[in-house]
2 protein chains.
Amino acid sequence: MGISDRKEREKTELRSLILKAAKKLFLEQGIEKTSIRNIADAIEYSPGTIYHYFQDKDSIFHEIHTEGFQELGKKMAVLHEVENPFERLKAMGKIYIKFAFENTDMYDLMFIKQAPMDFLEKMDCEWDEGQATFDVLRHTVQGCMEQGYFKGQELEAVTFMVWSAVHGMVTLNLRHRCKVVNAHTPDEIVHASFQSFIKLVEQQ
Amino acid sequence: MGISDRKEREKTELRSLILKAAKKLFLEQGIEKTSIRNIADAIEYSPGTIYHYFQDKDSIFHEIHTEGFQELGKKMAVLHEVENPFERLKAMGKIYIKFAFENTDMYDLMFIKQAPMDFLEKMDCEWDEGQATFDVLRHTVQGCMEQGYFKGQELEAVTFMVWSAVHGMVTLNLRHRCKVVNAHTPDEIVHASFQSFIKLVEQQ
DNA sequence: AATATATTTGAACACTGTTCAATAAACCAA
DNA sequence: TTGGTTTATTGAACAGTGTTCAAATATATT
(Lines give C-alpha, C1' and ligand atoms only; values in the text may rest on other atoms or scores of the structure.)
Protein backbone atom coordinates (compact mmCIF):
# COMPACT_ATOMS: atom_id res chain seq x y z
CA MET A 1 0.00 0.00 0.00
CA GLY A 2 2.68 2.51 -1.04
CA ILE A 3 0.17 4.98 -2.44
CA SER A 4 -2.09 5.17 0.58
CA ASP A 5 1.04 5.53 2.69
CA ARG A 6 2.03 8.59 0.72
CA LYS A 7 -1.48 9.99 0.98
CA GLU A 8 -1.37 9.45 4.70
CA ARG A 9 1.97 11.22 4.76
CA GLU A 10 0.64 14.12 2.70
CA LYS A 11 -2.33 14.48 5.03
CA THR A 12 -0.17 14.72 8.12
CA GLU A 13 2.19 17.04 6.26
CA LEU A 14 -0.56 19.54 5.48
CA ARG A 15 -1.81 19.17 9.02
CA SER A 16 1.55 20.08 10.46
CA LEU A 17 1.91 22.86 7.89
CA ILE A 18 -1.31 24.40 9.21
CA LEU A 19 -0.06 23.98 12.77
CA LYS A 20 3.32 25.49 11.96
CA ALA A 21 1.72 28.52 10.31
CA ALA A 22 -0.71 28.89 13.20
CA LYS A 23 2.10 28.79 15.77
CA LYS A 24 4.19 31.27 13.79
CA LEU A 25 1.28 33.70 13.57
CA PHE A 26 0.47 33.11 17.24
CA LEU A 27 4.02 33.79 18.44
CA GLU A 28 4.64 36.74 16.13
CA GLN A 29 1.28 38.50 16.17
CA GLY A 30 -0.56 37.12 19.20
CA ILE A 31 -3.72 35.06 19.49
CA GLU A 32 -5.96 37.89 18.30
CA LYS A 33 -4.33 38.08 14.86
CA THR A 34 -4.29 34.31 14.48
CA SER A 35 -7.57 33.81 12.63
CA ILE A 36 -8.51 30.86 10.45
CA ARG A 37 -8.37 33.14 7.41
CA ASN A 38 -4.91 34.44 8.37
CA ILE A 39 -3.62 30.89 8.78
CA ALA A 40 -5.18 29.93 5.42
CA ASP A 41 -3.56 32.96 3.75
CA ALA A 42 -0.16 32.08 5.21
CA ILE A 43 -0.16 28.57 3.75
CA GLU A 44 -2.03 29.62 0.58
CA TYR A 45 -5.04 27.39 1.10
CA SER A 46 -8.68 28.33 1.47
CA PRO A 47 -10.21 28.63 4.96
CA GLY A 48 -12.40 25.60 4.38
CA THR A 49 -9.40 23.30 4.01
CA ILE A 50 -8.35 23.90 7.60
CA TYR A 51 -11.60 22.36 8.79
CA HIS A 52 -10.66 19.06 7.11
CA TYR A 53 -7.61 18.82 9.34
CA PHE A 54 -8.87 20.39 12.58
CA GLN A 55 -12.37 20.25 13.97
CA ASP A 56 -12.29 23.86 15.09
CA LYS A 57 -10.11 26.76 16.18
CA ASP A 58 -9.94 25.56 19.78
CA SER A 59 -8.36 22.27 18.68
CA ILE A 60 -5.58 24.17 16.89
CA PHE A 61 -4.87 26.22 20.00
CA HIS A 62 -5.02 23.09 22.13
CA GLU A 63 -2.23 21.57 20.02
CA ILE A 64 -0.14 24.75 20.28
CA HIS A 65 -0.74 24.71 24.04
CA THR A 66 0.60 21.13 24.12
CA GLU A 67 3.74 22.22 22.30
CA GLY A 68 4.10 24.88 24.97
CA PHE A 69 4.08 22.23 27.67
CA GLN A 70 6.74 20.28 25.78
CA GLU A 71 8.92 23.39 25.70
CA LEU A 72 8.36 24.03 29.39
CA GLY A 73 9.14 20.36 30.05
CA LYS A 74 12.47 20.66 28.26
CA LYS A 75 13.45 23.63 30.41
CA MET A 76 12.44 21.72 33.52
CA ALA A 77 14.62 18.73 32.55
CA VAL A 78 17.65 20.26 34.28
CA LEU A 79 15.84 19.83 37.59
CA HIS A 80 16.79 16.16 37.63
CA GLU A 81 20.27 17.26 38.53
CA VAL A 82 19.11 19.09 41.63
CA GLU A 83 18.90 16.48 44.36
CA ASN A 84 17.89 18.63 47.32
CA PRO A 85 14.08 18.96 47.14
CA PHE A 86 13.90 22.51 48.42
CA GLU A 87 16.65 23.64 46.05
CA ARG A 88 14.70 21.89 43.31
CA LEU A 89 11.52 23.71 44.31
CA LYS A 90 13.31 27.06 44.14
CA ALA A 91 14.88 26.24 40.77
CA MET A 92 11.52 25.06 39.47
CA GLY A 93 9.89 28.33 40.44
CA LYS A 94 12.61 30.31 38.70
CA ILE A 95 12.32 28.27 35.51
CA TYR A 96 8.53 28.62 35.58
CA ILE A 97 8.74 32.40 35.99
CA LYS A 98 11.45 32.71 33.34
CA PHE A 99 9.34 30.69 30.91
CA ALA A 100 6.31 32.87 31.55
CA PHE A 101 8.26 36.10 30.99
CA GLU A 102 10.00 34.85 27.86
CA ASN A 103 6.86 33.27 26.37
CA THR A 104 4.04 35.51 27.52
CA ASP A 105 1.54 34.53 24.83
CA MET A 106 2.32 30.85 25.26
CA TYR A 107 1.97 31.05 29.05
CA ASP A 108 -1.30 32.89 28.56
CA LEU A 109 -2.55 30.09 26.30
CA MET A 110 -1.35 27.35 28.65
CA PHE A 111 -2.68 28.74 31.92
CA ILE A 112 -5.17 31.52 31.30
CA LYS A 113 -6.97 31.20 27.96
CA GLN A 114 -10.20 29.22 27.73
CA ALA A 115 -9.53 27.69 24.28
CA PRO A 116 -7.48 24.61 25.31
CA MET A 117 -9.82 23.82 28.21
CA ASP A 118 -12.91 24.28 26.03
CA PHE A 119 -11.42 21.76 23.64
CA LEU A 120 -10.82 19.22 26.42
CA GLU A 121 -14.38 19.73 27.64
CA LYS A 122 -15.82 19.07 24.18
CA MET A 123 -13.64 15.99 23.68
CA ASP A 124 -14.30 14.80 27.23
CA CYS A 125 -10.54 14.53 27.76
CA GLU A 126 -8.22 14.95 30.72
CA TRP A 127 -5.72 17.79 30.95
CA ASP A 128 -2.70 15.50 30.66
CA GLU A 129 -0.19 18.29 30.12
CA GLY A 130 -1.24 20.14 33.25
CA GLN A 131 -1.49 16.90 35.21
CA ALA A 132 2.09 15.88 34.38
CA THR A 133 3.44 19.28 35.37
CA PHE A 134 1.45 19.33 38.60
CA ASP A 135 2.66 15.82 39.42
CA VAL A 136 6.27 16.95 39.13
CA LEU A 137 5.57 19.85 41.46
CA ARG A 138 3.73 17.60 43.92
CA HIS A 139 6.68 15.21 44.00
CA THR A 140 9.07 18.04 44.76
CA VAL A 141 6.81 19.44 47.47
CA GLN A 142 6.60 15.96 48.99
CA GLY A 143 10.40 15.83 49.08
CA CYS A 144 10.39 19.19 50.85
CA MET A 145 7.87 17.95 53.42
CA GLU A 146 10.00 14.90 54.12
CA GLN A 147 12.83 17.27 54.91
CA GLY A 148 10.68 19.19 57.37
CA TYR A 149 9.25 21.99 55.25
CA PHE A 150 5.52 22.76 55.31
CA LYS A 151 5.23 21.08 58.71
CA GLY A 152 1.78 19.76 59.61
CA GLN A 153 0.38 20.59 56.21
CA GLU A 154 -1.46 18.60 53.57
CA LEU A 155 0.49 17.74 50.42
CA GLU A 156 -2.20 18.48 47.86
CA ALA A 157 -3.14 21.83 49.41
CA VAL A 158 0.49 22.94 49.72
CA THR A 159 1.27 21.96 46.13
CA PHE A 160 -1.67 23.94 44.81
CA MET A 161 -0.76 26.88 47.02
CA VAL A 162 2.81 26.96 45.70
CA TRP A 163 1.56 26.83 42.11
CA SER A 164 -1.02 29.53 42.86
CA ALA A 165 1.55 31.88 44.36
CA VAL A 166 3.82 31.74 41.33
CA HIS A 167 0.96 31.69 38.83
CA GLY A 168 -0.56 34.69 40.59
CA MET A 169 2.63 36.73 40.40
CA VAL A 170 3.06 35.93 36.74
CA THR A 171 -0.52 36.55 35.64
CA LEU A 172 -0.97 39.81 37.52
CA ASN A 173 1.99 40.90 35.44
CA LEU A 174 0.85 39.49 32.11
CA ARG A 175 -2.55 41.10 32.52
CA HIS A 176 -1.08 44.46 33.55
CA ARG A 177 -2.29 44.57 37.13
CA CYS A 178 1.13 45.45 38.54
CA LYS A 179 0.96 49.19 38.01
CA VAL A 180 -0.23 49.50 41.59
CA VAL A 181 3.01 48.16 43.08
CA ASN A 182 5.53 50.83 44.11
CA ALA A 183 9.14 51.36 43.16
CA HIS A 184 9.64 48.26 41.04
CA THR A 185 9.51 47.27 37.41
CA PRO A 186 7.05 44.44 36.73
CA ASP A 187 10.02 42.11 36.37
CA GLU A 188 11.59 43.17 39.67
CA ILE A 189 8.44 42.90 41.72
CA VAL A 190 7.85 39.32 40.61
CA HIS A 191 11.36 38.27 41.56
CA ALA A 192 11.19 40.14 44.86
CA SER A 193 7.87 38.56 45.79
CA PHE A 194 9.11 35.13 44.75
CA GLN A 195 12.06 35.59 47.12
CA SER A 196 9.58 36.74 49.71
CA PHE A 197 7.61 33.52 49.28
CA ILE A 198 10.73 31.37 49.51
CA LYS A 199 11.75 33.17 52.69
CA LEU A 200 8.37 32.43 54.16
CA VAL A 201 8.83 28.70 53.54
CA GLU A 202 12.42 28.73 54.80
CA GLN A 203 11.72 30.60 58.03
CA GLN A 204 9.56 27.92 59.56
CA MET B 1 -31.11 77.19 32.26
CA GLY B 2 -33.96 74.77 33.02
CA ILE B 3 -34.03 73.25 29.55
CA SER B 4 -30.32 72.58 29.23
CA ASP B 5 -30.47 71.10 32.74
CA ARG B 6 -33.12 68.65 31.63
CA LYS B 7 -31.13 67.84 28.50
CA GLU B 8 -28.08 67.21 30.62
CA ARG B 9 -30.17 64.97 32.84
CA GLU B 10 -31.57 63.09 29.84
CA LYS B 11 -28.06 62.55 28.51
CA THR B 12 -26.82 61.05 31.74
CA GLU B 13 -30.02 59.04 32.01
CA LEU B 14 -29.52 57.38 28.64
CA ARG B 15 -25.88 56.87 29.50
CA SER B 16 -26.74 55.03 32.68
CA LEU B 17 -29.48 53.13 30.86
CA ILE B 18 -26.84 51.81 28.46
CA LEU B 19 -24.58 50.93 31.38
CA LYS B 20 -27.41 49.23 33.25
CA ALA B 21 -28.33 47.12 30.24
CA ALA B 22 -24.68 46.28 29.59
CA LYS B 23 -24.18 45.18 33.19
CA LYS B 24 -27.36 43.10 33.16
CA LEU B 25 -26.30 41.33 29.96
CA PHE B 26 -22.78 40.92 31.33
CA LEU B 27 -23.92 39.34 34.60
CA GLU B 28 -26.63 37.18 33.05
CA GLN B 29 -24.98 36.05 29.83
CA GLY B 30 -21.26 36.73 30.27
CA ILE B 31 -18.91 39.08 28.49
CA GLU B 32 -19.08 37.12 25.21
CA LYS B 33 -22.82 37.73 24.75
CA THR B 34 -22.51 41.37 25.72
CA SER B 35 -22.08 42.93 22.28
CA ILE B 36 -22.83 46.50 21.29
CA ARG B 37 -25.75 45.25 19.20
CA ASN B 38 -27.14 43.20 22.10
CA ILE B 39 -26.94 46.20 24.41
CA ALA B 40 -28.63 48.36 21.76
CA ASP B 41 -31.40 45.77 21.33
CA ALA B 42 -31.97 45.59 25.08
CA ILE B 43 -32.60 49.33 25.39
CA GLU B 44 -34.29 49.59 21.97
CA TYR B 45 -31.82 52.01 20.45
CA SER B 46 -29.61 51.60 17.41
CA PRO B 47 -25.97 50.52 17.84
CA GLY B 48 -24.71 53.90 16.67
CA THR B 49 -26.35 55.69 19.59
CA ILE B 50 -24.11 53.89 22.09
CA TYR B 51 -21.06 55.53 20.50
CA HIS B 52 -22.43 58.97 21.42
CA TYR B 53 -22.31 58.02 25.10
CA PHE B 54 -19.23 55.78 25.21
CA GLN B 55 -16.10 56.08 23.12
CA ASP B 56 -15.82 52.32 22.69
CA LYS B 57 -16.63 48.90 24.12
CA ASP B 58 -13.61 48.93 26.44
CA SER B 59 -14.86 52.09 28.13
CA ILE B 60 -18.19 50.40 28.92
CA PHE B 61 -16.41 47.43 30.44
CA HIS B 62 -14.10 49.75 32.33
CA GLU B 63 -17.12 51.36 33.98
CA ILE B 64 -18.60 47.96 34.84
CA HIS B 65 -15.20 46.96 36.27
CA THR B 66 -15.31 50.09 38.46
CA GLU B 67 -18.73 49.10 39.78
CA GLY B 68 -17.21 45.73 40.61
CA PHE B 69 -14.57 47.42 42.75
CA GLN B 70 -17.29 49.39 44.53
CA GLU B 71 -19.09 46.15 45.32
CA LEU B 72 -15.88 44.51 46.55
CA GLY B 73 -15.19 47.64 48.59
CA LYS B 74 -18.58 47.35 50.29
CA LYS B 75 -17.86 43.76 51.28
CA MET B 76 -14.47 44.79 52.60
CA ALA B 77 -15.99 47.52 54.76
CA VAL B 78 -16.57 45.08 57.64
CA LEU B 79 -12.79 44.77 57.97
CA HIS B 80 -12.70 48.06 59.85
CA GLU B 81 -14.13 46.20 62.80
CA VAL B 82 -11.24 43.72 62.87
CA GLU B 83 -8.50 45.39 64.85
CA ASN B 84 -5.89 42.64 64.89
CA PRO B 85 -3.94 43.01 61.63
CA PHE B 86 -3.37 39.29 61.06
CA GLU B 87 -7.03 38.51 61.74
CA ARG B 88 -7.86 41.30 59.29
CA LEU B 89 -5.52 39.80 56.68
CA LYS B 90 -7.23 36.42 57.05
CA ALA B 91 -10.70 37.94 56.88
CA MET B 92 -9.67 39.98 53.85
CA GLY B 93 -8.51 36.89 52.04
CA LYS B 94 -11.77 35.11 52.77
CA ILE B 95 -13.87 38.03 51.54
CA TYR B 96 -11.71 38.30 48.41
CA ILE B 97 -12.11 34.58 47.65
CA LYS B 98 -15.83 34.65 48.40
CA PHE B 99 -16.30 37.63 46.09
CA ALA B 100 -14.42 35.86 43.30
CA PHE B 101 -16.50 32.70 43.64
CA GLU B 102 -19.82 34.53 43.83
CA ASN B 103 -18.99 36.98 41.02
CA THR B 104 -16.84 34.98 38.65
CA ASP B 105 -17.45 37.12 35.56
CA MET B 106 -16.93 40.32 37.51
CA TYR B 107 -13.71 39.05 39.09
CA ASP B 108 -12.56 38.01 35.64
CA LEU B 109 -13.22 41.51 34.32
CA MET B 110 -11.55 43.19 37.30
CA PHE B 111 -8.39 41.11 37.47
CA ILE B 112 -7.94 39.07 34.28
CA LYS B 113 -9.57 40.68 31.26
CA GLN B 114 -7.61 43.13 29.11
CA ALA B 115 -10.55 45.49 28.38
CA PRO B 116 -10.37 47.75 31.47
CA MET B 117 -6.56 48.00 31.27
CA ASP B 118 -6.66 48.71 27.53
CA PHE B 119 -9.04 51.57 28.29
CA LEU B 120 -6.71 53.03 30.94
CA GLU B 121 -3.79 52.74 28.52
CA LYS B 122 -5.69 54.63 25.81
CA MET B 123 -6.82 57.32 28.24
CA ASP B 124 -3.38 57.48 29.86
CA CYS B 125 -5.04 56.99 33.26
CA GLU B 126 -4.01 55.33 36.49
CA TRP B 127 -5.70 52.18 37.79
CA ASP B 128 -7.24 53.95 40.78
CA GLU B 129 -9.54 51.06 41.70
CA GLY B 130 -6.72 48.56 41.88
CA GLN B 131 -4.49 51.05 43.62
CA ALA B 132 -6.98 51.69 46.41
CA THR B 133 -7.50 47.97 46.99
CA PHE B 134 -3.77 47.26 46.98
CA ASP B 135 -3.23 50.13 49.43
CA VAL B 136 -5.67 48.57 51.87
CA LEU B 137 -3.86 45.25 51.61
CA ARG B 138 -0.46 46.93 52.04
CA HIS B 139 -1.68 48.67 55.16
CA THR B 140 -2.86 45.40 56.65
CA VAL B 141 0.38 43.62 55.77
CA GLN B 142 2.27 46.47 57.40
CA GLY B 143 0.22 45.95 60.55
CA CYS B 144 1.13 42.26 60.45
CA MET B 145 4.81 43.06 60.06
CA GLU B 146 4.67 45.38 63.05
CA GLN B 147 3.34 42.44 65.02
CA GLY B 148 6.23 40.25 63.95
CA TYR B 149 4.86 38.51 60.90
CA PHE B 150 6.91 38.35 57.67
CA LYS B 151 10.10 38.97 59.65
CA GLY B 152 12.98 40.48 57.72
CA GLN B 153 10.88 40.96 54.61
CA GLU B 154 10.11 43.91 52.39
CA LEU B 155 6.60 45.36 52.64
CA GLU B 156 5.93 45.86 48.94
CA ALA B 157 7.16 42.40 47.96
CA VAL B 158 5.18 40.67 50.73
CA THR B 159 2.00 42.55 49.85
CA PHE B 160 2.28 41.56 46.21
CA MET B 161 3.07 37.98 47.19
CA VAL B 162 -0.03 37.74 49.38
CA TRP B 163 -2.20 39.15 46.59
CA SER B 164 -0.58 36.80 44.07
CA ALA B 165 -1.20 33.73 46.19
CA VAL B 166 -4.91 34.40 46.55
CA HIS B 167 -5.31 35.66 43.00
CA GLY B 168 -3.50 32.56 41.75
CA MET B 169 -5.81 30.18 43.62
CA VAL B 170 -8.87 31.96 42.36
CA THR B 171 -7.84 32.30 38.72
CA LEU B 172 -6.59 28.74 38.32
CA ASN B 173 -10.12 27.85 39.36
CA LEU B 174 -11.96 30.36 37.17
CA ARG B 175 -9.97 29.28 34.14
CA HIS B 176 -10.49 25.57 34.85
CA ARG B 177 -6.92 24.59 35.64
CA CYS B 178 -7.86 22.78 38.88
CA LYS B 179 -8.80 19.45 37.33
CA VAL B 180 -5.28 18.27 38.08
CA VAL B 181 -5.69 18.57 41.85
CA ASN B 182 -6.70 15.34 43.60
CA ALA B 183 -9.62 14.54 45.86
CA HIS B 184 -11.12 17.98 46.16
CA THR B 185 -13.83 20.06 44.53
CA PRO B 186 -12.52 23.32 43.06
CA ASP B 187 -14.11 25.13 45.97
CA GLU B 188 -12.51 22.91 48.59
CA ILE B 189 -9.02 23.03 47.15
CA VAL B 190 -9.00 26.83 47.18
CA HIS B 191 -10.03 26.97 50.81
CA ALA B 192 -7.56 24.23 51.78
CA SER B 193 -4.68 25.98 50.04
CA PHE B 194 -5.68 29.33 51.54
CA GLN B 195 -5.49 27.72 54.99
CA SER B 196 -2.17 26.25 53.95
CA PHE B 197 -0.90 29.72 53.10
CA ILE B 198 -2.11 31.16 56.37
CA LYS B 199 -0.41 28.34 58.29
CA LEU B 200 2.81 29.15 56.50
CA VAL B 201 2.64 32.75 57.68
CA GLU B 202 1.64 31.78 61.20
CA GLN B 203 4.36 29.16 61.70
CA GLN B 204 7.21 31.58 61.54
C1' DA C 1 -43.30 79.17 10.62
C1' DA C 2 -38.51 78.96 9.59
C1' DT C 3 -34.13 78.20 11.08
C1' DA C 4 -30.63 76.15 13.88
C1' DT C 5 -29.06 72.64 16.86
C1' DA C 6 -28.92 68.14 18.87
C1' DT C 7 -29.97 63.36 18.63
C1' DT C 8 -30.68 59.06 16.46
C1' DT C 9 -30.47 56.01 12.80
C1' DG C 10 -29.06 52.16 9.92
C1' DA C 11 -26.36 51.01 6.23
C1' DA C 12 -21.60 50.16 5.25
C1' DC C 13 -16.75 48.52 6.25
C1' DA C 14 -13.72 45.14 7.52
C1' DC C 15 -13.45 41.64 10.19
C1' DT C 16 -14.61 36.80 12.87
C1' DG C 17 -15.65 31.17 13.02
C1' DT C 18 -17.97 27.81 10.56
C1' DT C 19 -20.58 25.09 6.97
C1' DC C 20 -21.35 22.96 2.62
C1' DA C 21 -22.57 22.32 -2.22
C1' DA C 22 -19.76 22.53 -6.11
C1' DT C 23 -15.46 22.04 -8.28
C1' DA C 24 -10.99 20.07 -9.15
C1' DA C 25 -7.62 16.68 -8.61
C1' DA C 26 -6.07 12.11 -8.03
C1' DC C 27 -6.60 7.35 -8.43
C1' DC C 28 -8.06 2.85 -10.30
C1' DA C 29 -10.04 -0.54 -13.26
C1' DA C 30 -11.31 -1.84 -18.03
C1' DT D 1 -6.37 5.96 -22.94
C1' DT D 2 -10.96 6.31 -21.30
C1' DG D 3 -14.59 6.37 -17.81
C1' DG D 4 -15.93 6.16 -13.26
C1' DT D 5 -15.02 6.69 -8.39
C1' DT D 6 -13.04 8.59 -4.54
C1' DT D 7 -10.75 12.23 -2.19
C1' DA D 8 -9.26 17.06 -1.54
C1' DT D 9 -10.06 21.79 -2.11
C1' DT D 10 -12.62 25.75 -2.90
C1' DG D 11 -15.13 29.97 -2.03
C1' DA D 12 -19.49 31.73 -1.35
C1' DA D 13 -22.82 32.07 2.27
C1' DC D 14 -24.46 32.57 7.17
C1' DA D 15 -24.61 34.81 11.30
C1' DG D 16 -22.13 37.27 14.01
C1' DT D 17 -18.44 41.20 15.77
C1' DG D 18 -16.76 46.61 16.74
C1' DT D 19 -16.93 50.91 14.62
C1' DT D 20 -17.96 54.95 11.51
C1' DC D 21 -20.69 58.45 9.36
C1' DA D 22 -23.82 60.73 6.15
C1' DA D 23 -28.52 61.21 6.38
C1' DA D 24 -32.89 61.58 8.73
C1' DT D 25 -35.39 62.86 12.60
C1' DA D 26 -36.52 65.35 16.65
C1' DT D 27 -36.11 69.26 19.53
C1' DA D 28 -35.26 74.15 20.60
C1' DT D 29 -34.65 78.98 19.43
C1' DT D 30 -35.52 83.07 16.86
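Numbered from 1 within each chain, the chains take letters A, B, ... in sequence-line order.
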Chemist: My understanding is that only residues two or more places apart in sequence, or in another chain, count here; which of them pass ring-ring contact (aromatic ring centres under 6.0 Å, His included) with A:Y149?
Modeler: A:F86
Chemist: From CD1 of A:I50 over to P of C:dT16, roughly how many Å is that when rounded to an integer?
Modeler: 12 Å
Chemist: Could you pull out all residues at least two apart from A:T66 that satisfy side-chain hydrogen bond (donor to acceptor under 3.5 Å, both in side chains)?
Modeler: A:E129
Chemist: Separation of A:F54 atom CZ from C:dG17 atom P, in whole Å?
Modeler: 14 Å
Chemist: Rounding to an integer number of Å, can you tell me how far A:F119 CZ sits from C:dG17 C1'?
Modeler: 16 Å
Chemist: What is the distance, rounded to the nearest whole Å, between atom NZ of A:K11 and atom C1' of D:dT9?
Modeler: 11 Å
Chemist: How long is the line joining CD of A:Q29 and C1' of C:dT16, in whole Å?
Modeler: 16 Å
Chemist: Take the protein atom CG of B:D41 and the nucleotide atom P of C:dT8, then report the distance between them rounded to whole Å.
Modeler: 16 Å
Chemist: Between B:Y53 and C:dT8, does any side-chain N or O lie under 4.0 Å from OP1 or OP2?
Modeler: yes
Chemist: How long is the line joining CD1 of A:I60 and C1' of C:dT18, in whole Å?
Modeler: 12 Å
Chemist: Which residues pass the side-chain hydrogen bond (donor to acceptor under 3.5 Å, both in side chains) test with B:H167, not counting sequence neighbours?
Modeler: A:T171, B:Y107
Chemist: Under 3.5 Å between N/O atoms: give me all the protein pairs with nucleotides 17-21 of chain D, atom names plus distance.
Modeler:
from   : atom 1 : to    : atom 2 : distance (Å)
D:dT17 : OP1    : B:S35 : OG     : 2.7
D:dG18 : OP1    : B:I36 : N      : 3.3
D:dG18 : OP1    : B:K57 : NZ     : 2.9
D:dG18 : OP2    : B:I36 : N      : 3.0
D:dG18 : N7     : B:R37 : NH1    : 2.7
D:dG18 : O6     : B:R37 : NH2    : 2.8
D:dT19 : OP2    : B:Y51 : OH     : 2.5
D:dT19 : OP2    : B:K57 : N      : 2.9
D:dT19 : O5'    : B:Y51 : OH     : 3.1
D:dT19 : O4     : B:R37 : NH2    : 3.3

Chemist: Rounded to whole Å, please give me the gap between CD1 in A:I18 and C1' in D:dT10.
Modeler: 14 Å
Chemist: A cation-pi test, strictly: NZ or CZ of B:K11 under 6.0 Å from the centre of the six-membered ring of B:Y53 and no more than 45 degrees from its axis. Yes or no?
Modeler: yes
Chemist: With sequence neighbours left out, what residues match B:E102 under side-chain hydrogen bond (donor to acceptor under 3.5 Å, both in side chains)?
Modeler: B:K98
Chemist: According to side chain to side chain contact (heavy atoms under 4.5 Å, CB included), who are the partners of A:L17, at least two apart in sequence or on a separate chain?
Modeler: A:L14, A:I43
